[in-house]
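Please read the structure below before turning to the comments.
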Number of protein chains: 2
Amino acid sequence: MLSKSEENYLKAIFHLSVKAEKGISTNAIAQQLDTKASSVTDMVKKLSEKELVLYVKYQGVTLTDKGEKIAANVIRKHRLWEVLLVQKFNFNWDEVHEVAEQLEHIHSKKLIDEMDAFLGFPKHDPHGDPIPDKDGNINFLEKSLLSTIDVNMKAVCVGVKDTSSDFLRYLDKQEIALGKEIAVLEKEAFDNSMLIRIGTNEFTISQQIATNIYVKNKE
Amino acid sequence: MLSKSEENYLKAIFHLSVKAEKGISTNAIAQQLDTKASSVTDMVKKLSEKELVLYVKYQGVTLTDKGEKIAANVIRKHRLWEVLLVQKFNFNWDEVHEVAEQLEHIHSKKLIDEMDAFLGFPKHDPHGDPIPDKDGNINFLEKSLLSTIDVNMKAVCVGVKDTSSDFLRYLDKQEIALGKEIAVLEKEAFDNSMLIRIGTNEFTISQQIATNIYVKNKE
DNA sequence: TCAAATTTTTAGACTTACCTAAAAATAAAT
DNA sequence: ATTTATTTTTAGGTAAGTCTAAAAATTTGA
């Protein structure tokens with residue numbers, strides 16, 4: 001059974017691997033986990049001995065199949081717990097992360113399977129991120145940033161990039177939520193702000209907002 | 001915030017204090033936690049510095065009010081999680097302990113308050129043990145061992161002493177459960193076995209069984 | 001009561017997961 | 001192509017929580 005720390009390293013490497021081609025650098029992992037590069041080197045050696053990562057000195061790390069499966073399972077647990085907290089325990093989507101960080105390390109296969117069923121086998125967490133299945137398969141759906149949508153086009157909100165409380169509470173205030181249709185009415189070339197319509201509400205959002213909302217094109 | 005280990009020590013001392021008058025001995029704690037006396041001495045010193053226990057060398061420990069409140073809160077969490085597992089997640093009462101041992105160390109006041117409400121503010125866990133309230137008050141209900149009930153008297157099952165899987169599964173098999181009425185029909189002086197009736201079922205139980213079931217007298 | 005048995009504490013060591021500071025390797029730039 | 005800058009690793013150290021073995025205190029009992 002892996003320690004909480006080992007699981008957190010695998011999870012971090014998993015997340016960093018989504019966008020990266022080559023091996024993940026020691027520094028990148030250190031930044032992700034808010035720790036020092038030397039600590040990462042130590043841990044990566046240990047994970048390598050356990051055959052959870054491939055590690056060549058000075059050349060970064062890659063998850064093995066075994067490591068990837070464990071990482072996906074930790075993420076599965078994290079996201080299922082988030083769904084439980086929001087749907088059954090009245091948590092807001094900006095309150096779930098910290099608790100889910102703890103809950104994701106509870107070891108009980110039965111617990112997570114039963115919870116999955118209890119929640120009706122959800123496919124996404126409250127932020128729109130896909131929940132890996134029992135075997136660690138994850139469904140990366142195609143999504144674009146709202147900022148890339150052309151004027152006069154419509155799109156549906158499917159996720160968020162930034163998950164900070166400040167940002168999520170801003171979205172709540174503007175009534176931007178998963179599944180909502182967003183129409184792009186105007187784009188301002190000067191600062192890349194855009195005028196959008198959600199339902200009957202029309203308002204302007206900054207580029208910073210638009211680059212943190214994931215959408216799926218209509219049709 | 002206390003570590004998992006510190007919380008476990010406080011919980012162990014709390015449980016041992018229920019029956020003890022004097023301070024709890026180092027050895028008793030070591031046995032309860034399956035560790036060594038020397039480790040207990042170390043930890044007890046630390047808890048003493050934090051003013052969670054009173055400790056005098058060679059004379060055992062006692063919880064302070066602060067320590068007792070924390071211990072009761074850990075037990076509260078443990079028992080609420082047990083209720084959730086049994087009532088919502090299809091766990092049997094012999095399967096909950098190990099997972100609850102992990103879950104009791106999750107830190108989130110909101111989580112436990114919401115869960116309490118979600119479960120309808122239960123007063124007892126699946127084994128009949130009382131759940132402490134938010135302030136750490138615990139309702140020790142008066143209960144007797146089934147073995148002490150006189151012939152021709154009736155009593156209601158309110159708890160179990162032994163919580164091993166073997167014992168709990170035996171109870172399931174015999175359909176002995178919390179809230180069931182048990183009539184004592186005969187007692188055998190030779191081996192202290194008793195003939196009992198539950199519903200329409202009549203059968204004999206050994207003294208060992210009878211001294212591990214808590215009951216409340218009818219009336 | 002005072003020696004023997006038991007309990008408890010101390011002393012020193014180990015593991016995990018960190019850290020800092022310095023050395024080594026790699027990458028960038030003139 | 002070297003020098004410079006950056007990244008990564010090594011070396012050595014710390015804190016929490018555990019252990020074993022030996023010393024000290026307490027309890028038991030003849």
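Residue numbers start from 1 in every chain, and the chains themselves are labelled A, B, ... in the order their sequence lines are given, proteins ahead of strands. Quantities reported herein were computed from a predicted structural model and do not represent experimental measurements.
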(message) With a 4.0 Å cutoff (strictly under), does any side-chain N or O of A:Lys36 reach OP1 or OP2 of D:dT8?
(response) no
(message) With a 4.0 Å limit, can you tell me whether A:Ser38 has a side-chain N or O closer than that to the phosphate oxygens OP1/OP2 of C:dT20?
(response) no
(message) At less than 4.0 Å, is any side-chain N or O atom of B:Tyr55 found next to OP1 or OP2 of C:dT8? Yes or no.
(response) no
(request) Look at all strands and tell whether A:Thr41 reaches a base, only sugar-phosphate, or nothing, counting heavy atoms closer than 4.0 Å. (result) base
(request) State the NZ-CG distance between B:Lys123 and B:Asn139, to the nearest 0.5 angstrom. (result) 8.5 Å
(message) So for atom CG, which belongs to B:Asp65, do other residues, nucleotides or ligands contribute more than 12 heavy atoms lying within a distance under 6.0 Å?
(response) no
(message) Please list, in numerical order, the residues of residues 16-30 of chain A that have a heavy atom closer than 4.0 Å to any atom of DNA chain C.
(response) none
(request) Quickly work out the A:Leu33 CG to C:dC19 P distance and round it to whole Å. (result) 10 Å
(message) OP1 or OP2 of D:dC19 versus the side-chain N and O atoms of B:Ser39: is any pair under 4.0 Å?
(response) yes
(message) Base, sugar-phosphate or nothing for B:Lys45? Non-hydrogen atoms, less than 4.0 Å.
(response) sugar-phosphate
(request) For DNA chain C, find the residues of residues 56-64 of chain A with a heavy-atom distance under 4.0 Å and give them by number; none if there aren't any. (result) A:Tyr58
(request) Would you confirm whether B:Glu95, through its side chain, and B:Asn92, through its main-chain N or O, come within 3.5 Å as a donor-acceptor pair? (result) yes
(request) Using atom types as modelled and distance alone, determine if a side-chain donor or acceptor of A:Ser48 lies under 3.5 Å from a backbone N or O of A:Val44. (result) no
(request) Calculate the interatomic distance between A:Lys4 atom NZ and C:dC18 atom P; express it in whole Å. (result) 11 Å
(request) Rounded off to whole Å, could you give me the CD-to-C1' distance for the B:Glu6 and D:dT18 pair? (result) 14 Å
(request) Start with the C-alpha gap between A:Lys77 and A:Glu82, add the side-chain angles, then the distance that decides, and say whether salt bridge (charged side-chain N to carboxylate O under 4.0 Å, His left out) holds. (result) CA-CA 9 Å; A:Lys77 289 193 282 182; A:Glu82 287 194 345; over 6 Å; no
(message) Does D:dT18 have OP1 or OP2 under 4.0 Å away from a side-chain N or O of B:Tyr9?
(response) yes
(request) Indicate yes or no for a side-chain donor-acceptor contact from A:Ser39 to the backbone of A:Thr35 under 3.5 Å, with no hydrogens or angles considered. (result) no
(message) Quick check with a 6.0 Å cut-off and a 45 degree axis cone: is A:Lys110 positioned over the face of B:Phe91's six-membered ring?
(response) yes
(message) Distance check needed: C:dA13 P versus B:Asp42 CG, whole Å only.
(response) 15 Å
(request) Check the distance between C:dT6's P and B:Gln31's CD and give it to me in whole angstrom. (result) 16 Å
(message) Could you tell me if B:Lys45 sits above the aromatic ring of B:Tyr55, with its cationic atom closer than 6.0 Å to the ring centre and no more than 45 degrees from the axis?
(response) no
(message) Over 60° means perpendicular and under 30° means parallel, so tell me whether A:His127 and A:Trp93 are parallel, tilted or perpendicular.
(response) parallel
(request) Please report, rounded to the nearest Å, how far the C1' atom of C:dT16 is from the CG atom of A:Leu2. (result) 14 Å
(message) Can you tell me if B:Lys88 has over 12 outside heavy atoms packed within less than 6.0 Å of its NZ?
(response) yes
(request) Find the distance B:Glu49:CD to D:dA15:P and express it as a whole number of Å. (result) 14 Å
(request) Would you kindly give the CE-to-P distance between A:Met43 and C:dC19, to the nearest whole Å? (result) 11 Å
